[in-house]
Amino acid sequence: MNSINNRPNNITELLERAQQIAGFTLQQVAQLNGLNAPENLRKKKGWIGQLLELHLGASAGSKPIQDFPELGVELKTIPINQQGKPLETTFVCVAPLTGNHGVTWQTSNIANKLQKVLWIPVLGEQEIPVAERIIGSPLLWQPSDEENAQLKQDWEELMDMIALGKVENITARHGKYLQLRPKAANNTIRTKAYGSEGQIIKVLPRGYYLKKAFTHQLLKNHFAI
DNA sequence: ACTTGATCATTT
DNA sequence: AAATGATCAAGT
């Protein structure tokens with residue numbers, strides 16, 4: 001009774017499917033899909049996310065679209081400890097470093113991705129074997145006005161620096177809730193960006209990440225209701 | 001202890 | 001190279 005080749009028809013179906021595996025271990029879900037959990041995630045960093053995509057019926061692949069385009073939903077797994085505190089930041093999307101003329105927060109790719117997110121917390125402390133990690137209750141989230149404003153403010157600061165050719169001066173310390181960090185296979189990878197004179201330069205690709213304080217806040221808001 | 005910067009696998 | 005899925009691990 002797994003869900004291979006079986007996409008949910010609506011958000012209710014998707015939520016039901018996610019709720020059904022709350023309390024399951026990763027190995028249980030892996031077995032439902034004919035897989036086995038790896039020893040560790042060192043060389044399988046995206047494994048949990050891909051397992052949940054498979055089980056819930058998301059379209060696979062690396063297309064730059066939402067996981068459930070028909071439903072307008074993005075799927076994110078998030079590792080938490082027993083207290084519900086995120087153990088890692090959350091990658092959202094690659095940051096375009098050129099061609100951002102006229103793009104506003106409202107029209108940005110990142111805001112689009114964060115419109116509606118199905119969060120699936122997973123107890124993920126490193127001392128727990130991957131196979132034994134427990135899946136938590138899913139949370140279908142849409143940013144509140146306040147959360148949207150928080151992200152917009154950080155995004156505008158970062159985007160200003162990118163547009164002004166200062167991308168190499170940006171560190172993970174910029175932004176209170178949204179940060180820009182390297183996103184590449186290794187530090188020899190390069191992509192186009194603007195230099196300080198407006199010329200094209202080659203830099204390490206960057207991605208937008210939600211800091212733990214932000215995701216912790218939204219998880220708490222939900223489970224406090 | 002915690003965050004920042006680096007890295008791993010896979011697909012297109 | 002660029003996008004997806006993220007976590008690792010060095011440095012502070």
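Since the structure is predicted, the reported quantities are computational estimates derived from the model, not experimental observations. Naming: A, B, ... by sequence-line order, numbering from 1 per chain.
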Is any side-chain nitrogen or oxygen of [X] closer than 4.0 Å to OP1 or OP2 of [N]?
X	N	result
A/T90	C/dA6	no
A/K202	C/dA1	no
A/N187	B/dG5	no

*For A/N148 and A/W105, does a side-chain donor sit closer than 3.5 Å to a side-chain acceptor?*
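Yes, A/W105 and A/N148 have a side-chain donor paired with an acceptor closer than 3.5 Å.
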*Derivation of the side-chain contact (heavy atoms from CB on, under 4.5 Å) call for A/W47 and A/L26*: CA-CA 10 Å; A/W47 187 81; A/L26 291 177; 4.3 Å; yes
Please work out if [X] contacts a base, only the sugar-phosphate, or nothing of the nucleic acid, heavy-atom cut-off 4.0 Å.
X	answer
A/K113	sugar-phosphate
A/Q66	nothing
A/T171	sugar-phosphate
A/K43	sugar-phosphate
A/G46	base
A/P79	sugar-phosphate

Would you indicate whether [X], at its atom [atom1], is surrounded by more than 12 heavy atoms from other residues, nucleotides or ligands within a distance under 6.0 Å?
X	atom1	value
A/E39	CD	no
A/Q153	CD	no
A/E156	CD	yes
A/K166	NZ	no
A/D145	CG	no

As a test of reading the structure: which of [options] is closest to the side chain of [X], going by heavy atoms?
X	options	result
A/T191	B/dG5, C/dA2, C/dG5	C/dA2
A/T89	C/dT7, C/dG5, C/dA3	C/dT7
A/P64	C/dT4, B/dT4, C/dA6	C/dT4

*Would you mind telling me which residue lines up with the more 5' stretch of DNA chain B, A/T188 or A/K85, judged by nearest nucleotide?*
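The residue closer to the strand's 5' end, by nearest nucleotide, is A/K85.
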*Quick one: NZ on A/K116 to CG on A/L140, what's the gap to the nearest 0.5 Å?*
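Separation between the atoms: 6.5 Å.
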*asked:* To the closest 0.5 Å, what do you measure between CZ (A/R17) and OG1 (A/T12)?
replied: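 Taking CZ in A/R17 and OG1 in A/T12, the distance rounds to 12.5 Å.
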*For DNA chain C, which residues in residues 176-186 of chain A have a heavy atom at a distance below 4.0 Å?*
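Residues of residues 176-186 of chain A under 4.0 Å from DNA chain C: A/R181, A/K183.
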To the nearest Å, give me how far apart [atom1] ([X]) and [atom2] ([N]) are.
X	N	atom1	atom2	value
A/N40	B/dT7	CG	P	18 Å
A/E53	B/dT11	CD	P	12 Å
A/I120	C/dA6	CD1	C1'	15 Å
A/Q50	B/dC8	CD	C1'	11 Å

*Within the distance-only criterion (no hydrogens, no angle test), does the side chain of A/Q199 pair as donor or acceptor with the backbone N or O of A/E197 below 3.5 angstrom?*
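Yes: the side chain of A/Q199 pairs with the backbone of A/E197.
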_Side-chain (A/D154) to main-chain (A/L178) donor-acceptor, under 3.5 angstrom_ =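 Indeed, once roles are kept as given, a pair shorter than 3.5 Å links the two residues.
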*Toward the 5' end of DNA chain C, which comes first, A/I189 or A/L41, by nearest nucleotide?*
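Its nucleotide being nearer the 5' end, the pick is A/I189.
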*When the nearest nucleotide of DNA chain C is assigned to A/R133 and to A/N109 on a heavy-atom basis, which residue is associated with the more 5' position?*
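Final value for this comparison: A/N109.
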*Where do A/E132 and A/T25 come nearest, in terms of heavy atoms and distance?*
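Scanning both residues, the minimum pair turns out to be O-CG2, 4.0 Å.
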Under-3.5 Å N/O pairs linking protein and nucleotides 9-12 of chain C:
from  : atom 1 : to    : atom 2 : distance (Å)
C/dA9 : OP1    : A/R42 : NE     : 3.3
C/dA9 : OP2    : A/R42 : NE     : 3.0
C/dA9 : OP2    : A/R42 : NH2    : 3.3

*Angle of first-five versus last-five pair axes in the helix from B/dA1-C/dT12 to B/dT12-C/dA1, to 10 degrees*: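 Between the axes fitted at each end of the helix from B/dA1-C/dT12 to B/dT12-C/dA1 lies an angle of 30°.
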*Salt-bridge test for A/E70 and A/R7: reply yes if a basic N is under 4.0 Å from a carboxylate O, no otherwise.*
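Yes, this pair counts.
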*asked:* Please determine whether any donor N or O and acceptor N or O are separated by less than 3.5 Å between the side chain of A/K63 and the base of B/dT11.
replied: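 Check fails, no donor-acceptor contact within cut-off.
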